[in-house]
Structure formats: C-alpha cells, structure tokens
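Below is one structure, written out as structure tokens; comments come after it.
Naming: A, B, ... by sequence-line order, numbering from 1 per chain.
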2 protein chains.
Amino acid sequence: MTQLLLRTPADVGALIRDRRRVLKLDQADLARMIGVSRLWVNQVEKGKPGASLGLVLRALDALGARPMVDVGAGDASSVPPVVTADIDAIMAAARKWEPKRRDLPDGGT
Amino acid sequence: MTQLLLRTPADVGALIRDRRRVLKLDQADLARMIGVSRLWVNQVEKGKPGASLGLVLRALDALGARPMVDVGAGDASSVPPVVTADIDAIMAAARKWEPKRRDLPDGGT
DNA sequence: GGGTCATGTCAGCGATCGTATACAATCCAA
DNA sequence: TTGGATTGTATACGATCGCTGACATGACCC
C-alpha cells in the first residue's frame, strides 16, 4: 500500500485521472457522479490550479480516494524543510492556465 | 502519529487553523507566507468551499502538512462505500456561503 | 470508407473568487 | 479599565470559475 503525495494541482489531477481509469469511468461519467460538467473534469485532470476545493474533494470522495495528513504530537517541532517550496514549478504550472491574450498582439518594447 | 482525514473544505480549514496555531502564527503571517490576503486565510479556515485548490495546497505546504492518499493495488475493488456521500452535510455547508441577498427583500408568496 | 466513442479545445456568459480597505468584536496583558 | 493584537465582517471591483454548446481529433471496430 503506497502513500501518494498531493503537493500540487497537477498531482491531484493525475490521481483523479488514475482512479477514474481504474474504475473504468469516462470523464462524462465522473462528471455526472460529482455534479459538474465534463469540461471541469477534463481541466482538473490536467492540473487546473484554480479549481474549487469543494468540488475537488467531492471528486476524490467519489473515486474512493481519502486524502489525509499526518498530525504528529502537535509541537512546532514538526515543521521540517518548508521553504515556500518550488516557486519555479508553481509559476510554470500557473503559466499554463493564464488567460488567453486576444488583443495586445504587439509585444511592446 | 494520527491520520487526519480531509473530506470537506471544513476539514481542511480546521487543519489549517490548527497547524497555524501550533506554529504560533496569526492569520496575517500565514497570508504573507503563501501570498494571499488575510481575508482569504480567515475564510478558508472557516471552510470556504470555493477556495482555489492551488492556494489551499500552498497553505498546507507552508504549514508542513503533507496531504496524501493510499493507493492500493489498483484494482477496482478498492472503492468501498462512497455513495455520493452526505448530500445533506454538503448542502448545509454550502448554504453558509451563499451569496448575500441584497435585493428581493420580498419573500414572495 | 463510415460510424462510434472518448477526449481536447474554443467562445460567450452569469456567478463567484480574491483583493484592498475599513471598521467592529474579542482576547489578553499591564 | 486601558491598550494593543488578533480575528470577524462588510463593500466594491477586476479576474477567474464553471457552464452550455459546438466542433476537431484520435482510436477502434464494422
């Protein structure tokens, strides 16, 4: 029994896609199960960072995935590295979801 | 070492508030750490369902909380109860975040 | 070739997010 | 009690969400 880490929206998306396939569901099936559009499932599986927490948790639940965290003793001693993480990775992922630029065809100086 | 389950936005909010206090941070501190407003932290801690996945994951990471899921063998046999869960609980929680009604002061018949 | 299914993508639209700012509650120490 | 720090709320505004509906692609089978 492996423990899969969920650190980014992409991780969550990958997990959802995985579980969905294991259960032999297509995007439309899952969408109906959790009460969202097929487009939503499609985008979330691709790591959409702005997806709403509630819907994502519903998706995981519907797929039988129980997200959890280890809560140690409770002392402040439990905060290891945490350096505000990979800013680069975060920015790169976010860039993929930037709004379409339809005007400003001019790159400016 | 206990395993805490994250099934709803309220669960996530409670976890965030807990970890934040253990680390002796106020809402403003945490907000700065993850690059959001203090209001955002305040609302998320209270279980805002529409909070964006990316920001929530950043908050958890900043607090040293690593969300994870157990990935069993991979067989479809791993989807136990899951009956679209507590519709009532979900609706009740969602109701708390309904938009303010500023017009329609008339309740209609 | 023709048909079906699952997936990826686009456009437009109303609803909601997250923000800045301001002010009211609480709490706790002195 | 007084004062400061922390938290809870309210408003308005631009940005983004999630939706519908449509169309294109690719895989697969007939």
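Protein atom CZ of A:Arg58 is 18 Å distant from nucleotide atom P of D:dC17, rounded to whole Å. Straight-line distance from the CG atom of A:Leu39 to the P atom of D:dC17: 11 Å, rounded to whole Å. In this structure, CD of B:Gln43 is placed 9 Å from P of C:dT19, rounded to the nearest angstrom. Going from atom CH2 of B:Trp40 over to atom P of C:dA20 covers 14 Å, rounded to whole Å. Note: CZ (A:Arg32) to P (D:dT20) measures 12 Å, nearest angstrom. We find that CG of A:Asn42 is positioned 11 Å from P of C:dC10, with the value rounded to whole Å. C:dC5 atom C1' lies 15 Å from atom CG of A:Leu25, rounded to whole Å. Between the P atom of C:dC17 and the CD1 atom of B:Ile34 lies a distance of 17 Å, rounded to the nearest Å.
Proximity of A:Val69 to B:Leu6: side-chain heavy atoms (C-beta onward) are separated by under 4.5 Å at one or more points. At a threshold of 4.5 Å between non-hydrogen side-chain atoms, the residues A:Leu57 and B:Val12 count as touching.
Taking CZ from A:Arg66 and CG from A:Asp61, the interatomic distance works out to 6.0 Å, rounded to the nearest 0.5 Å.
Across D:dA22, D:dG18, D:dG8, the shortest atom-to-atom separation from the side chain of B:Gln27 is found for D:dG8. Distance from the side chain of A:Ala51 is smallest for D:dG18 among the nucleotides C:dG18, D:dT11, D:dG18. Listed nucleotides D:dG8, C:dC10, C:dT7 differ in distance to A:Arg20; the shortest reach to its side chain belongs to C:dT7. Candidate nucleotides C:dA6, D:dG18, D:dA10 were compared by shortest atom distance to the side chain of A:Asp26, and C:dA6 ranks first.
Taking every heavy atom of both residues into account, A:Gly47 and A:Pro9 meet most closely at O-CB, 3.4 Å. The two residues A:Ile16 and A:Ala59 have their closest heavy-atom pair at CD1-CB, 4.1 Å.
Contact between the side-chain N/O atoms of B:Lys48 and the OP1/OP2 oxygens of C:dT16 is not found at any separation under 4.0 Å. Taking side-chain N and O atoms only, A:Arg38 has no distance below 4.0 Å to OP1 or OP2 of D:dA22. Put simply, A:Ser52 has a side-chain N or O that comes within less than 4.0 Å of OP1 or OP2 on D:dG18.
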Item to check | B:Val41/B:Val44 under side-chain contact (heavy atoms from CB on, under 4.5 Å): CA gap, chis, key distance, verdict | outcome: CA-CA 5 Å; B:Val41 173; B:Val44 167; 6.0 Å; no
In residues 25-34 of chain B, what donor-acceptor pairs under 3.5 Å come from side-chain atoms, sequence neighbours left out?
| unit_1 | atom_1 | unit_2 | atom_2 | d |
| --- | --- | --- | --- | --- |
| B:Asp26 | OD1 | B:Ala28 | N | 3.1 |
| B:Asp26 | OD1 | B:Asp29 | N | 2.8 |
| B:Gln27 | OE1 | B:Asn42 | ND2 | 3.4 |
| B:Gln27 | NE2 | B:Glu45 | OE1 | 3.4 |
| B:Asp29 | OD1 | B:Arg32 | NH2 | 2.7 |
| B:Asp29 | OD2 | B:Asp26 | N | 3.2 |

Table of protein N/O atoms under 3.5 Å from nucleotides 27-30 of chain D N/O atoms:
none

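Residue contacts for A:Arg17: at a heavy-atom cut-off of 4.0 Å it reaches the sugar-phosphate backbone alone, with no base atom in range.
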